[in-house]
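Below: one structure, written as structure tokens.
In what follows, chains carry the letters A, B, and so on, assigned in the order in which the sequence lines appear, proteins first and then strands, with residues in each chain numbered from 1.
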Amino acid sequence: MEYSQKVMEHFMNPKNVGEIVNPDGVGTCGNPVCGDLMTFYIKVEPKTDDLNSARIVDIRFKTFGCAAAIAVASMASEMVKGKTLSEIKNLTRNEVAEELDGLPPIKLHCSNL
Amino acid sequence: MIYLDYNATAPTDPRVIEAMRTYFAELYANPSSIHTPGQKAKQAVEHSREVLANFLNARPEEVYFTSGGTEADNLAIKGLAFAQDKRKKIIYSSIEHHAVMNTCKYMSKFGYEIISVPVDRYGVVDLNFIEEKTDEDTLIISVMHANNEVGTIQPIREIAQIAHKYGAVFHTDAVQTVGKIDIDIMELEVDMLSLSGHKFYGPKGVGALIVKKGIKFDALLHGGHHERNHRAGTENVPGIVGLAKACELAQAEIPDEEKRLKELRDRLWQGLNSQISEIQLNGHPEKRLANTLNFSVKYVEGESLILSLNAESICASTGSACSSGSLEPSHVLLAMGIPAEIAHGSLRFSLGRWTKPEEIEKVIDVLPGIVEKLRQMSPLYKK
Ligand SMILES: Cc1ncc(COP(=O)(O)O)c(C=O)c1O
């Protein structure tokens with residue numbers, strides 16, 4: 001399995017690993033049976049009802065997954081940090097994968113998460 | 001670099017390389033040629049055949065050289081099937097290497113009923129199941145001697161005896177045992193046996209199928225009259241010479257080496273098990289290859305472990321899906337009843353001729369920290 005330099009960097013030194021106490025949002029997807037499980041925690045400001053203008057001020061993740069899953073989570077967390085929810089709602093897995101200089105085809109499913 | 005992936009492949013022993021050298025640029029003639037250099041090459045091939053036969057207690061005319069373990073497995077199963085049309089059942093174990101498993105599956109295309117034998121949680125095949133399924137319609141039972149992933153050694157003599165009761169042929173893929181433990185095919189009552197050079201310090205791309213005299217099988221490769229019409233193609237003379245040299249070296253070293261490796265392996269397990277919580281051994285506690293240690297690390301994924309070890313210049317392997325190019329974890333671990341999420345966290349260390357105690361200590365030093373770092377990242381891990 002050949003990974004890009006960027007994937008390996010994020011795998012060895014992942015950004016934003018951890019949990020947030022009292023988060024404004026939590027999302028989990030995947031299934032450990034398939035070898036992938038990921039949980040994201042976010043904190044947003046301002047806390048309005050208008051979700052589109054809410055900005056991600058902190059994001060953390062935990063994952064049971066391969067190097068690709070870790071790198072994708074790390075990269076995605078960097079890409080969305082500081083952005084409003086409306087700015088990121090169209091972010092696709094391909095954009096994350098591109099930022100990582102690509103993923104092996106079999107690994108693209110990891111970025112689905 | 002600390003190489004602990006000998007079950008995947010081993011370095012070629014310098015003494016093997018030395019033995020092969022002459023057969024590239026000097027004694028390069030074709031063994032089928034009748035001039036003197038050709039006859040010298042032929043003698044080298046025939047001498048090698050005798051060495052293999054002697055090593056396994058077979059006869060020279062029972063040795064057929066192939067391009068490796070995969071070809072030997074294919075030749076045994078397909079060769080046997082294509083040489084007859086009476087028996088229509090093929091029995092193989094659920095933990096076979098893909099070289100056997102996918103060959104058996106392929107044969108169902110030709111009207112063969114294929115039956116996969118379950119194993120217990122240590123990876124030992126269910127003898128009662130084999131006894132129940134074997135009958136006069138059974139062509140072949142193929143069960144590997146030792147498993148490449150977990151190292152469990154199978155009761156092949158008992159299986160051979162069941163096969164023989166019904167006139168079926170018993171084949172064993174001994175790719176992981178030849179050169180590691182003493183093998184006497186007469187004593188084991190094996191009819192066909194596959195072996196591969198690169199697993200025991202010989203070159204890659206050469207192996208052999210041993211077939212007991214009297215068993216009829218067809219060639220897969222048709223052409224010249226090589227290997228008594230059972231495997232056409234100019235012989236890989238340097239490879240065959242290297243394979244024979246590897247057998248000679250193994251024959252001299254097996255007893256001491258088995259003992260040395262077992263001590264190192266057990267030290268590795270004891271060192272890791274005393275420092276890392278929630279790890280479990282995969283494979284049989286005793287009936288197992290002396291060089292193989294497979295275990296699962298709960299809450300983390302194997303590929304991440306392998307790449308983290310790799311960053312420390314330690315080479316090992318995993319049964320995780322993420323390393324296999326498929327999305328399923330190891331079929332061997334699943335067949336042993338290990339849950340998928342535990343199978344994803346499996347690690348295999350396989351030791352060999354150049355493994356030193358310092359290297360084992362280094363792994364014991366480094367791995368606990370790697371596991372802790374990955375567990376801290378895992379949503380499944382609650383401290
Ligand atoms: C048990 C077993 N059978 C067969 C093979 C295939 O052997 P080769 O690589 O020589 O084709 C291997 C090695 O990968 C193996 O471990």
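Counting non-hydrogen atoms of other residues, nucleotides and ligands closer than 6.0 Å to CZ of B:R121 gives a total of 12 or fewer. No more than 12 heavy atoms of other residues, nucleotides or ligands sit less than 6.0 Å from atom OH of B:Y122.
The heavy-atom pair separating B:P379 from A:T39 by the smallest distance is CB-OG1, 4.0 Å. B:L307 and A:F11 get closest at one heavy-atom pair: CB-CE2, 3.5 Å. Among all heavy-atom pairs drawn from A:F64 and B:Y299, the shortest one is CD1-O, 3.1 Å. Across every non-hydrogen atom of B:E303 and A:Y3, the tightest pair is OE2-OH, 2.8 Å. Considering every non-hydrogen atom in both B:M377 and A:P14, the closest pair reads CE-CG, 3.5 Å.
Of the inter-residue distances, the one linking B:Q376 atom CD with A:E19 atom CD reads 9.5 Å to the nearest 0.5 angstrom.
Two residues are said to be in side-chain contact when any heavy atoms from C-beta on lie closer than 4.5 Å; B:S304 and A:I70 meet this criterion.
Side-chain atoms of B:K373 come within 3.5 Å of backbone atoms of A:M12 as a donor-acceptor pair (strictly under, hydrogens ignored).
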